[in-house]
Amino acid sequence: MNKFTNISIPAEGTQIQFTDGNLVVADNPIILFIEGDGTGPDIWQASKRVFDAAVEKAYGGKKKIAWAEIYAGEKALAVYGENQWLPDETVEAIKQYKVAIKGPLTTPVGGGIRSLNVALRQLLDLFACVRPVKYYAGTPSPVKRPQDLDIVLFRENTEDVYAGIEFKSGADDAKSLIEYINKNFNKNIRQDSGIGIKPMSAFGSKRLVKKAIEFAIEHKRKNVTLVHKGNIMKFTEGAFKEWGYEVARDEFSDIIITEDDVFKLHDGKVPEGKILLKDRIADSIFQQILLRPAEYDVLATPNLNGDYLSDAAAAQVGGLGIAPGANMSYDVAIFEATHGTAPKYAGLDKINPGSVILSGVMMFEFLGWTKAGQLIEKAMKKTIRSKVVTYDFARLMTGAKEVKTSEFASAIISNL
């Protein structure tokens, strides 16, 4: 077991383990947390109070989380020193203790890391960004029937244009690459171009689609949709689609049925006990989730498409302030706020903590502590329906009572 310089692991906690692919969680698991930057401390403190109260309520003191703080972002600079945005021992702690939850992190300016969130995903091989998007009654929404949208989006997290393989316009490496491509592949890339490379592999695509299908099976969802721009990018996004169908055929043929087979063999009706697999072009799915959202359950997407689509879907049900998320592999998971740091509101006790709180609901489901998660979700629904909300919702609602971040948490706790 690693000894850490600036991380204090509570002696009363028990390390989460994976045994034969199964999560083993004691009654006092060690859970790591990163407060986050900007408004992060405000929303984390509020969220932690809700988590602890829900566990106490659900299990009568028989279960309790042993929280351990780890560092990334601006707080890591204060603890570890200059340019230590993401200390090595933070990454090592997550590898060892398996589960973490975090607030929003700032993007370093002029540092060696483009994005702390992307760096965590790549260093820990957290290949699936999982974003459930559904409506909570009373939440202000720009659409007429937000309740029709209830999807879980699985976004590939390590490849695509987010792989970070980029070369600046005018730089020697960009010039060399342009010359090589133009000469050897008979292309005509302009000499002053910036260059980015979009790698997408069978390995990365198949494991993402596999995880999405496994989720659909476990949670009795009706369909899985592969989202891609394969009509234009045939050998990357088009391949993502083909690899997705391959993994379904090779590993899930007993339960997955394709849209083509439904129409060819079953008169357009999905047989009982089967999960429908279909695919949609990326630009089409944006209008589909607006016009016919009830037709979609689980979406599996490449990296960039999933980034856009998850935020667009969240807008339909109230915005990023109430949008949870997780970055996962098969043995490590980081649950996180999906919004930014909102530095102008830092320390004002103003921001909606819903994104972190609902990410905690995802975390409790992952741990197998479903009762605690269900209590939180029900209490949040009741709080929103009663129109006790933070400013982001209050300004869009009639008759709402605007409360602070901490007061919103207190209202949820009182409704547990």
Side-chain angles (χ1 to χ4, degrees), residues 42-59 101 130-153 219-221 289 293-294 296-298 310-311 313-326 335-339 350-416:
D42 285 349
I43 59 177
W44 169 251
Q45 291 304 318
S47 300
K48 180 178 179 295
R49 287 173 51 224
V50 172
F51 300 153
D52 288 339
V55 170
E56 174 65 29
K57 179 82 171 179
Y59 306 110
I101 186 166
V130 184
R131 295 275 298 272
V133 186
K134 65 180 178 180
Y135 182 66
Y136 295 96
T139 303
S141 167
V143 298
K144 291 182 177 180
R145 294 187 56 81
Q147 65 271 22
D148 289 349
L149 182 67
D150 183 358
I151 63 172
V152 181
L153 191 145
H219 292 85
K220 296 181 170 56
R221 292 280 181 150
I289 63 169
Y296 298 93
D297 273 353
V298 177
S310 57
D311 282 11
Q316 292 181 223
V317 299
L320 294 180
I322 199 168
F335 301 86
E336 65 174 3
T338 58
H339 55 72
K350 189 177 180 70
I351 290 291
N352 189 342
S355 182
V356 171
I357 291 173
L358 290 175
S359 296
V361 172
M362 293 179 70
M363 180 185 74
F364 285 125
E365 181 177 334
F366 181 78
L367 295 175
W369 292 17
T370 53
K371 188 175 180 181
Q374 289 169 352
L375 283 176
I376 293 171
E377 197 168 25
K378 288 178 182 178
M380 179 175 278
K381 289 178 182 179
K382 184 176 180 180
T383 305
I384 293 171
R385 281 198 307 268
S386 68
K387 297 189 175 184
V388 176
V389 291
T390 48
Y391 89 99
D392 57 323
F393 286 179
R395 62 187 175 178
L396 300 173
M397 298 167 68
T398 302
K401 178 184 178 182
E402 181 178 331
V403 296
K404 298 177 179 179
T405 308
S406 56
E407 292 169 339
F408 184 65
S410 295
I412 293 172
I413 291 169
S414 69
N415 285 327
L416 285 171

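This chain uses plain numbering: 1 for the first residue, then up along the sequence. These numbers come from a predicted model, not from an experiment. In what follows, every heavy atom counts, from backbone to side chain, and hydrogens, waters and symmetry copies are set aside.
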Straight-line distance of [X] [atom1] to [Y] [atom2], nearest 0.5 Å:
X: L320; Y: N352; atom1: CG; atom2: CG; value: 11.0 Å
X: D150; Y: R221; atom1: CG; atom2: CZ; value: 4.5 Å
X: S410; Y: R49; atom1: OG; atom2: CZ; value: 3.5 Å
X: F408; Y: S47; atom1: CZ; atom2: OG; value: 9.5 Å
X: N415; Y: L375; atom1: CG; atom2: CG; value: 11.5 Å
X: T139; Y: K381; atom1: OG1; atom2: NZ; value: 10.5 Å

Are [X] and [Y] side-chain neighbours, meaning at least one heavy-atom pair lies under 4.5 Å?
X: Q45; Y: P353; value: no
X: L358; Y: I322; value: yes
X: E402; Y: V389; value: no
X: I351; Y: Y391; value: yes

Q | Carboxylate-amine/guanidinium contact D148 K134, below 4.0 Å | A |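 A salt bridge is absent here (no side-chain N lies under 4.0 Å from a carboxylate O).
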Q) Is it true that D392 and K350 have a side-chain N and a carboxylate O under 4.0 angstrom from each other? A) no
Distance-only, no hydrogens or angles: does the [X] side chain make a donor-acceptor pair with backbone N or O of [Y] under 3.5 Å?
X: E407; Y: K404; answer: yes
X: Q316; Y: I289; answer: yes
X: T338; Y: A323; answer: yes
X: S359; Y: E336; answer: yes
X: T390; Y: V403; answer: no

Q: Verify the distance criterion only: is there a donor paired with an acceptor across the side chains of E377 and Y136 at less than 3.5 Å?
A: yes
Q) Parallel under 30°, tilted from 30 to 60°, perpendicular over 60°: which one fits the rings of F51 and F364? A) perpendicular
Q. Checking side chain to side chain contact (heavy atoms under 4.5 Å, CB included) against M362, which of V130, I101, V152, L367 comes through?
A. V130
